[in-house]
Amino acid sequence: MHITIVGTGYVGLVSGACFAEFGFEVTCVDQDKAKINQLIKGEIPFYEPGLESVVWQTRKNKRLHFSTDLKESVKSADIVFIAVGTPSRRGDGHADLSYVFQAAKQIGEALEDYTVVVTKSTVPVGTCRKVAEVIRETKPKAEFDVASNPEFLREGSAINDFMRPDRIIVGAETEKAKAHFQKLYRPLYLTETPIVFTNIETAELIKYAANSFLATKIAFINEIADICEKVGADVQEVAKGIGLDGRIGRKFLHAGPGFGGSCFPKDVLALIRTAQEIEAPISIVESVFASNERRKKAMATKVIKILGGSVAGKTIAVLGVTFKPNTDDMREACSLTLIPELQQHGAIVRSYDPVGRPVAESLLPQVHWSNNPYEAAQGADALVLLTEWNEFRALDFERLKSLMLAPIFIDLRNVYKPEEISAAGFDYHSIGRSVSQRKVNSIKTVAVA
Ligand code: NAD
């Protein structure tokens with residue numbers, strides 16, 4: 001079976017490399033010539049752990065090919081995946097489907113024999129059928145089926161997620177198309193991965209519902225964290241306490257600075273817009289979006305407050321700028337809100353990120369980049385831990401303290417235990433457990449005394 005993937009970004013490249021690893025013949029196509037040239041030379045255009053070795057191995061076995069020639073690549077394919085971007089449309093937040101329909105038209109022009117055309121991009125309900133219309137208009141006699149096969153991989157653990165997914169969702173409506181998917185995902189039968197066949201609309205909606213639900217969990221625990229700070233509770237214990245309830249589950253209950261990334265913000269917004277348009281507004285998700293926007297801004301206010309109400313002329317070290325660890329993706333990263341806000345209030349920001357700098361540099365002008373956490377901390381009035389890269393999990397407190405002007409540590413990911421870092425002499429602040437809790441504890445101590 002020959003697979004062609006249109007769009008060689010995070011999803012397209014990871015899917016292509018993993019399908020090739022399964023043993024299929026795969027061609028990854030992109031209109032970005034520079035990207036394809038890089039890939040042909042063996043360079044991976046973005047950071048994703050483990051991807052380079054899968055690409056290298058499958059290239060060596062001659063199962064993975066790269067091309068800019070969509071027509072030629074589609075001609076010989078049994079399955080064509082559309083994995084192009086669907087960013088938020090400027091102005092209204094709808095998913096911008098122009099890349100999807102452009103790809104559909106180009107695929108339509110190229111089709112020769114029966115082919116299954118699959119949307120792997122995250123697309124609003126109804127898009128896959130529109131893709132079919134575009135292909136039919138382009139080539140009325142084309143023999144094809146459309147299907148929806150949304151992708152759930154996470155950047156940073158994309159290879160593992162693709163190879164060992166929790167489930168595969170396939171919206172396909174003919175036996176012939178379903179048979180193609182059975183063949184395609186047969187390598188996963190060994191791991192007993194559930195493959196759920198649905199109609200096309202259901203598959204499209206599952207992706208948005210899943211992301212919106214996960215985003216809701218994050219926004220929920222973030223607001224619980226705010227309550228914790230006021231009443232002296234510990235959000236991590238609350239998360240554990242509720243997460244042990246099997247109906248709730250422990251994952252996605254980590255309080256932090258708000259969600260970012262290439263998927264949650266845009267997918268949540270796209271679902272909101274679709275729901276409004278069809279007059280079935282999804283007010284819970286609307287609140288989640290608004291809450292998250294407020295939260296990202298509130299993080300700068302928090303830092304400023306900790307520094308006594310003004311950061312003008314102060315140096316702040318920010319550790320981690322990517323939207324999460326193990327990726328260089330900066331899309332909707334919290335740093336893009338926090339750092340400019342601090343700079344606007346007169347702060348000098350020094351930053352270090354293990355891999356994010358090349359992508360972040362143009363997005364965060366006026367940041368002073370450092371080569372390690374200690375260089376960033378040199379002369380700083382406060383340190384903000386913003387992205388929880390592993391290398392920030394065992395910082396040398398003594399060394400940091402000796403380098404900083406003031407030992408203020410603001411841990412927006414709750415990486416450290418308050419007692420441990422306070423004992424090291426830091427004025428430590430985190431999310432949903434620090435300041436008030438200590439105040440409450442000291443009130444208790446006074447009462448006992
Ligand atoms: P991306 O921006 O990294 O890559 C998209 C690629 O498509 C680009 O390289 C672009 O040049 C190419 N492209 C656009 N139009 C083309 C055309 N007509 N022909 C050939 N190439 C074309 O995007 P991504 O992050 O891989 O996301 C792709 C889709 O998958 C989106 O809908 C996204 O929401 C979804 N998704 C992403 C993730 C993730 O973690 N990134 C996870 C699940 C789903």
Side-chain angles (χ1 to χ4, degrees), residues 4-18 27-39 44-49 51 66-74 77 80-89 94-110 117-124 127-128 131 134-135 138 148-162 165-166 168-169 203-204 206-208 210-212 214-215 259-271 322-324 326-333 359:
T4 289
I5 303 197
V6 179
T8 309
Y10 277 90
V11 167
L13 182 56
V14 170
S15 312
C18 291
T27 306
C28 285
V29 183
D30 207 287
Q31 61 189 9
D32 183 340
K33 286 196 178 95
K35 193 181 261 187
I36 292 297
N37 283 339
Q38 242 184 315
L39 285 161
I44 306 294
F46 51 85
Y47 179 81
E48 180 60 43
L51 180 58
F66 297 113
S67 174
T68 50
D69 189 343
L70 185 142
K71 203 166 186 177
E72 202 51 41
S73 313
V74 164
V80 176
F81 283 95
I82 299 177
V84 299
T86 48
S88 277
R89 201 161 67 191
H94 274 286
D96 179 352
L97 297 174
S98 55
Y99 301 102
V100 172
F101 294 136
Q102 186 203 6
K105 193 163 186 301
Q106 292 166 322
I107 292 166
E109 282 160 1
V117 179
V118 187
T119 47
K120 200 166 237 330
S121 298
T122 302
V123 290
T127 305
C128 197
V131 164
V134 171
I135 296 174
T138 312
S148 163
N149 176 212
E151 183 50 58
F152 297 94
L153 63 78
R154 294 162 300 173
E155 288 174 20
S157 53
I159 300 290
N160 187 60
D161 290 350
F162 197 92
D166 290 338
I168 301 285
I169 303 293
E204 289 174 326
I206 285 171
K207 174 67 193 178
Y208 281 100
N211 273 3
S212 297
L214 294 171
F259 58 78
S262 67
C263 292
F264 283 2
K266 87 170 170 65
D267 292 349
V268 160
L269 194 56
L271 180 64
T322 54
F323 90 90
K324 67 172 180 180
N326 297 325
T327 180
D328 59 357
D329 201 334
M330 286 292 296
R331 288 178 278 187
E332 302 291 326
V359 182

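Counting convention: from 1, in listed order, for ligands and their atoms alike. These numbers come from the heavy atoms of this one structure, side chains and all, not from hydrogens, waters or symmetry mates. For this chain, numbers begin at 1 and follow the sequence in order. For clarity, every value in this text was computed on a predicted model and none was experimentally measured.
You'll find the side chain of D329 stays beyond 4.5 Å of the side chain of F46, heavy atoms only.
Ligand-side atoms of ligand 1 in range of V11: 26 (O), 30 (O), 36 (N), 37 (C), 38 (C), 42 (C), 43 (C), 44 (C), range being under 4.0 angstrom from any heavy atom. Close contacts of ligand 1 with K35, meaning ligand atoms under 4.0 Å from a residue heavy atom, involve 8 (C), 9 (O).
Distance check, rounded to the nearest 0.5 Å: NZ of K207 to OG1 of T119 gives 12.0 Å. A distance of 8.0 Å separates OG1 of T4 from CG of L70, quoted to the nearest 0.5 Å. One distance of note links OG1 of T122 with CG of N211; it measures 6.5 Å at 0.5 Å rounding. Between E204 atom CD and T127 atom OG1 the span is 5.5 Å, to the nearest 0.5 Å. Of the inter-residue distances, the one linking Y208 atom OH with C263 atom SG reads 9.5 Å to the nearest 0.5 angstrom. Put simply, NZ on K120 and CZ on F81 are 5.5 Å apart, with the number rounded to the nearest 0.5 Å.
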Check the pair S67 / E72 against side chain to side chain donor-acceptor pair (under 3.5 Å), numbers first and verdict last. CA-CA 9 Å; S67 174; E72 202 51 41; over 6 Å; no

Show the numbers, then the answer: is there a side-chain contact (heavy atoms from CB on, under 4.5 Å) between L39 and C28? CA-CA 10 Å; L39 285 161; C28 285; over 6 Å; no

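Only side-chain heavy atoms of S262 come within less than 4.0 Å of ligand 1; its backbone N, CA, C and O stay farther off. Residue R154 does not touch ligand 1, judged by heavy-atom distances below 4.0 Å. At a heavy-atom cutoff of 4.0 Å, ligand 1 is contacted by the side chain of R331 but not by its backbone.
Looking at atom 19 (N) of ligand 1, its nearest protein heavy atom turns out to be V6 CG1, 3.5 Å. Here the protein heavy atom with the shortest distance to atom 42 (C) of ligand 1 is L153 O, 3.5 Å. Protein heavy atom nearest atom 5 (C) of ligand 1, with residue, atom name and distance: G85 N, 3.6 Å. Closest to atom 11 (O) of ligand 1, if we only count protein heavy atoms, is D30 OD1, 2.6 Å. Here the heavy atom of the protein found nearest to atom 4 (O) of ligand 1 is G9 CA, 3.2 Å.
The closest non-hydrogen atom to atom 15 (N) of ligand 1, taken over E48, Q106, K120, Q31, comes from Q31. Nearest-residue assignment for atom 13 (N) of ligand 1 (options V84, T327, D329; heavy-atom criterion): V84. When the options Q102, K33, K105, E155 are ranked by their closest heavy atom to atom 40 (O) of ligand 1, first place goes to E155. For the residues A95, G7, A104, the heavy atom positioned nearest atom 7 (O) of ligand 1 is part of G7.
Between T8 and V29, the shortest heavy-atom distance links the atoms OG1-O, 2.9 Å.
Taking any N or O of T86, backbone or side chain, at least one lies under 3.5 Å from an N or O belonging to ligand 1. Note: no N/O pair closer than 3.5 Å links D32 and ligand 1 by distance alone. Note: an N/O pair closer than 3.5 Å links T122 and ligand 1 by distance alone. For the pair A83 and ligand 1, the shortest N or O to N or O distance does not fall below 3.5 Å. Residue K266 has at least one nitrogen or oxygen atom sitting less than 3.5 Å from a nitrogen or oxygen atom of ligand 1, judged on distance alone. In terms of polar-atom proximity, E151 is not counted as a contact of ligand 1, lacking any N or O under 3.5 Å from an N or O of the ligand. Looking at K207 next to ligand 1, no N or O pair under 3.5 Å apart turns up.
In this structure, the side chain of S121 does not engage the main chain of V123 through any donor-acceptor pair within 3.5 Å. A donor-acceptor contact shorter than 3.5 Å is absent between the side chain of E48 and the backbone of T327.
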Return a table of donor-acceptor pairs under 3.5 angstrom between the side chains of residues 94-105 and protein atoms on other chains or two or more places apart.
residue	atom	partner	partner atom	Å
H94	NE2	E277	OE2	3.1
D96	OD1	S98	N	2.9
D96	OD1	S98	OG	2.7
K105	NZ	E109	OE2	3.4

